[in-house]
Amino acid sequence: MSENPEGAMVGRDLERREDPVLVTGRATYTDDLNASGMAYLVFVRSRYGHATVEDIDTSDAEATDGVLGVYTWEDIEHSDTPGTIPVETGFLDNEIPGHPILADGRVRYHGQPVAAVVAEDRYVATDAADAVDVDYDRLDAVTDPIEATAEDAPEIFEGVPNNVVTDTDMGDADATAGAFEDADRVVEIELENNRLIANAMEPRAALAEYDDVEESLTVTMTSQSPHGHRGKLSDTLGIPENRIRVVAPSVGGGFGHKGHHHPGEAVAAWCSRELGIPVKWTATRSENYLAGAHGRDHRTTAELAFDDDGTIRGLQAETHAGLGGYGLGVSPALPGWYGRLLASQYDLPAIHCRTHSVLTNTAPVHSYRGAGRPEAIYVTERLVDRAARELDTDPAEFRRHNQIPPEEFPHETAVGANYDSGDYETALNEALDAVGYDELRAQQEDGNGQVDGRKRDDGRYLGIGLACFVESTGGGFESGVVRVHPDGGVTVYAGTHSHGQGHGTTYAQIVADELGVPYDDIDVVEGDTDRIPAGTGTFGSRSTIAGGNAVAESAGEVADKARRIAADRLEAAPEDIAQEDGEFRVVGAPDRAVAFEQVASAAYSRQLPPDESAGLESTTFYDQDGTAYAFGCHAAVVAVDPESGEIEVERYVAVDDCGEQINPRIVEGQVHGGVAQGIGQALYEQAVYDDAGTLVTGSMQDYAIPKIQQIPPMETRSTVTPSPTNPLGVKGIGEAGTIATPPALVNAVLDALEPFGVESIDMPLTEETVWRTIREGS
Ligand code: MCN
């Protein structure tokens, strides 16, 4: 590594360089963009959760002034375009077709796009869409993934018995059954992991521009994965990838759903090609609620077997996961993979997990911040608390007794996860110390002379909840290009996409150290398939690992070449060259020096060593060796009012370990954001459908996301256990908060409600739910 003139940048608490533009409102989002001659697309969406489409009368809409086109599936079908968002069926038991971008005679969820209206003006398009008359024949709907498997449940796709697209079996059923037989005790819980809706500040949007001279398509869109979307648009529209450019400008948050391919962007592109003009589509908030991919929606029964001394022997779980009315990409396979994290931090010798991925008449479900890891950790952490209560043991001690010790890494779990490194007990101890655990427990024991010290003078009950967790992070390849320009300036290109994660700051920190150039001389470019050779994108807390190591490797190669060029110019051997203060110097002869800018200029002006090619840049396709498992322990302290059901989160402590930290300030910010989202899931949020498949929580008036005054101050700490899977030693952090917070909060509330005999409660813990549970029992 070269020595940076400003000292090491990695590990510094730098402010995010992208923020001034964002907070002063000068960033450009997709809907800010206009193209000459542009028209607007608005959808006619299904009013029903399940129906056949008997007839679509578009005549009034077509006759509206300013309307340029009204399209239905018939038009797509006759346009020699696949017109369907593919499903990856390789993992599945039953074939299901993809999601048609306009309904092909049947609708399977409320809000599914049925017809598309393009007009010169957004308001005209909206009025004309209202004038499209769709004749539906309603069918029975089913929205609950367990009810959907009943013999008499409505059939959503032909050839998919009981609506089960696939069953996944993970772990060893026999070994687990044996462990359960041998164990002293077994506890069982039933729980629901509530269905969530992504609430990025910016709804999804696309501006599609088809060039019929070049026969090429440019789609500017809200994407977390520009290259991924390019491939999916190619599949859906039948246009080769080299004729499609996807640009993702500033994107106002993603949380997973902007990584998935939905009909909106594809229809905008199809209309642009059809009409030969640019077409813009921007979802309203309610459209995003109706038809943007939702998250979670698991119903689980799980058991934990353990001995009287607190040793866990086995875990088994059965989960019904709702998929919605269609699969999108790998979404039907996703629920089955959640079992991979069920061991959490524990030495759990036997695990068996069965998952049924079930079609329902609801919006498609796909990955939402955490994507499978929150579902798994919620099961295990709820079980662990339940077991500790059964043994009348302190839940922290029960966890400690079963944690995998640091010397047992790498560690392969009973469900085949290969944990790379960990020091779980230290994180637990940090959390207990930060929250003042012993003192809180002492208060609960003997406070106020009450029968149970949980009750305070104000009538509220004190609860303490813990969640220990692991998070698989990284995966897949990423591209990173480092280009030094002739004047010594540097541009870094990466295939990831930052929409709140601060990659511009992070990658510049990494490259500054590897290359030995000032941080401010380094620009970072993401989000354009024509400028970046390839990419996987940003999801799964993978960018620091995959993108960070890609740009680090490229920077290292460029640094080596720069050193060779400098050595040639200084007539010394490369190993005798040191890089200091922005100069290359001969060791022992400090007056023999050449500036970084001179080396850069030489690289482009034939003043090169004999075997060296011109230019000063490198491209890396970095492929991580194994998965990096981040971990941590979160602790919540709550006060619950049994008269109103109100919960106050008094303290929230997050201890996280994401290996080496590139920028601790951003790490902390990511934890804050994730915890806020976890609080949303635990206490407020739930997508609700009625029996007919109508989304009842179709706007922010009905779907409660927490407001800032509902987010308590958070205390964050961290431990650092480097990952051996990658040269930077990093693990991801982007989703940790959403994984740990729901179990920490629910365990805290259950702890508070122990005097009422409450053993179980389902999220979201609204005041009504808490009040009813106290009165009606769990
Ligand atoms: N970081 C670090 N050192 C590490 C790990 C991370 O300094 N060892 C810092 C880096 O500054 C990096 C940031 O944390 O830029 C996030 O890194 P990483 O964990 O690699 O996650 P990604 O960049 O891949 O982001 C994805 C993750 C996911 S999956 C979701 S969903 C999510 C999230 O990040 N959506 C977000 N955070 C979000 N934050 C915002 N503001 N908006 C979203 O939509």
Side chains of L217 and R273: does their closest heavy-atom pair fall under 4.5 Å?
no

Under the rule for ring pair (Phe, Tyr, Trp, His ring centres under 6.0 Å), what residues qualify as partners of W73, not counting sequence neighbours?
none

Value rounded to 0.5 Å, distance of OG1 in T30 from CE in M221
8.0 Å

N242 atom CG, over 12 foreign heavy atoms within 6.0 Å:
yes

For L616 and K561, run side chain to side chain contact (heavy atoms under 4.5 Å, CB included): C-alpha distance rounded to whole Å, both residues' side-chain angles, the deciding distance at 0.1 Å, then the answer.
CA-CA 7 Å; L616 195 51; K561 182 170 179 183; 3.9 Å; yes

Using 4.0 Å as the upper bound for N to carboxylate O, is an ion pair formed by K232 and D235?
no

Donor-acceptor check, side chain of K280 to backbone of D31, threshold 3.5 angstrom: yes or no?
yes

Can you name the ring pair (Phe, Tyr, Trp, His ring centres under 6.0 Å) partners of Y604, sequence neighbours left out?
none

Between the side chain of T738 and the main-chain N/O of R369, is any donor-acceptor distance below 3.5 Å?
yes

Side-chain (T89) to main-chain (E95) donor-acceptor, under 3.5 angstrom:
no

Scan residues 206-215 for pairs that pass salt bridge (charged side-chain N to carboxylate O under 4.0 Å, His left out), counting only residues two or more places apart or in two chains.
E215-R243

Under 3.5 Å, side chain of S272 to main-chain N/O of A269, donor-acceptor pair present?
no

Does any non-hydrogen side-chain atom of V524 lie less than 4.5 Å from one of T506?
no

Who are the salt bridge (charged side-chain N to carboxylate O under 4.0 Å, His left out) partners of R45, not counting sequence neighbours?
E287

Do you see a donor-acceptor pair shorter than 3.5 Å between the side chains of T505 and E18?
yes

Output the distance between atom OH (Y29) and atom OG1 (T282), rounded to the nearest 0.5 Å.
14.0 Å

Do V219 and L207 have side-chain heavy atoms sitting under 4.5 Å apart?
no

Measuring from E274:CD to I277:CD1, what's the distance to the nearest 0.5 Å?
11.0 Å

Side chain to side chain donor-acceptor pair (under 3.5 Å) between E557 and S618, worked out:
CA-CA 7 Å; E557 282 170 11; S618 171; 2.6 Å; yes

Which heavy atom of G548 sits nearest to which heavy atom of Y507, and what is that distance?
N-CE2, 3.6 Å

Would the distance check show the side chain of N549 and the main-chain N or O of A546 forming a donor-acceptor pair, the cut-off being under 3.5 Å?
no

Are the aromatic rings of H229 and H227 close, with centres under 6.0 Å apart?
no

Does atom CG of D121 have more than 12 heavy-atom neighbours from other groups under 6.0 Å away?
yes

If we only count heavy atoms from C-beta on, is the T538 to H503 side-chain gap below 4.5 Å?
yes

Distance alone, cut at 3.5 Å: any donor-acceptor contact between the side chains of Q677 and Y368?
yes

Checking T166 side chain against L92 main chain: does a donor-acceptor pair fall under 3.5 Å?
no

How far apart are the C-alpha atoms of V267 and F43, what are their side-chain angles, what is the distance that settles it, and do they pass the side chain to side chain contact (heavy atoms under 4.5 Å, CB included) test?
CA-CA 9 Å; V267 175; F43 285 100; 3.6 Å; yes

Partners passing ring pair (Phe, Tyr, Trp, His ring centres under 6.0 Å) against H257 (at least two apart in sequence or in another chain)
none

Pairwise distance CG(L233) to CZ(R245) - rounded to 0.5 angstrom
14.5 Å

Are side-chain heavy atoms of Y326 and L323 found at a separation under 4.5 Å?
no

Value rounded to 0.5 Å, distance of CG in L196 from CZ in R296:
5.5 Å

Backbone of G502 reached by a side-chain donor or acceptor of S498 within 3.5 Å:
yes

Just by distance, do the side chain of T473 and the backbone of Y629 share a donor-acceptor pair under 3.5 Å?
no

Can you confirm whether or not the ring centre of H499 sits under 6.0 Å from the ring centre of F255?
no

Run through L515, I510, V551 and flag the one making a side-chain contact (heavy atoms from CB on, under 4.5 Å) with V492.
V551

Residues two or more places apart in sequence or in another chain: which of them pass salt bridge (charged side-chain N to carboxylate O under 4.0 Å, His left out) with E668?
none

Holding to salt bridge (charged side-chain N to carboxylate O under 4.0 Å, His left out), I want the full list of residues that pass it with R564, two or more places apart in sequence or in another chain.
E612

Establish, yes or no, whether a centroid distance under 6.0 Å links the rings of Y71 and W270.
yes

Please work out whether the ring planes of Y109 and H99 are parallel, tilted or perpendicular, with thresholds of 30° and 60°.
perpendicular

I would like to know whether S286 and T284 meet side chain to side chain donor-acceptor pair (under 3.5 Å); could you show each step before the answer?
CA-CA 5 Å; S286 296; T284 62; 4.9 Å; no

Within the structure provided, determine whether T725 and T627 are in side-chain contact (heavy-atom separation under 4.5 Å).
no

Would you say that R16 contacts I666 through its side chain, given a criterion of any heavy-atom pair below 4.5 Å between the two side chains?
yes

Counting neighbours of CD on E15 that are heavy atoms of other residues, nucleotides or ligands and sit closer than 6.0 Å, is the number greater than 12?
no

Side chain R12, main chain R665, donor-acceptor under 3.5 Å
no

State which residues pass side-chain hydrogen bond (donor to acceptor under 3.5 Å, both in side chains) with S601; sequence neighbours excluded, sorted by chain then number.
none

Residues two or more places apart in sequence or in another chain: which of them pass ring pair (Phe, Tyr, Trp, His ring centres under 6.0 Å) with Y338?
H298

Do the side chain of S479 and the main chain of P533 share a donor and acceptor less than 3.5 angstrom apart?
no

Which residues share a salt bridge (charged side-chain N to carboxylate O under 4.0 Å, His left out) with R230, sequence neighbours left out:
E241

Please output the side-chain donor-acceptor pairs of residues 197-204 that fall under 3.5 Å, not counting sequence neighbours, one pair per line with the distance.
residue: N199; atom: OD1; partner: Y289; partner atom: OH; Å: 2.7
residue: N199; atom: ND2; partner: I197; partner atom: O; Å: 3.1
residue: N199; atom: ND2; partner: Y289; partner atom: OH; Å: 3.4
residue: E202; atom: OE1; partner: G252; partner atom: N; Å: 2.7
residue: R204; atom: NH1; partner: H262; partner atom: ND1; Å: 3.4
residue: R204; atom: NH1; partner: E265; partner atom: OE1; Å: 3.2
residue: R204; atom: NH1; partner: E265; partner atom: OE2; Å: 2.8

Set of residues satisfying side-chain hydrogen bond (donor to acceptor under 3.5 Å, both in side chains) with respect to Y493, sequence neighbours excluded:
R483

Approximate separation, where rounding is to 0.5 Å, of S367 OG and R373 CZ
9.0 Å

With side chains defined as the heavy atoms from C-beta onward, is the minimum distance between R17 and Y519 less than 4.5 Å?
yes

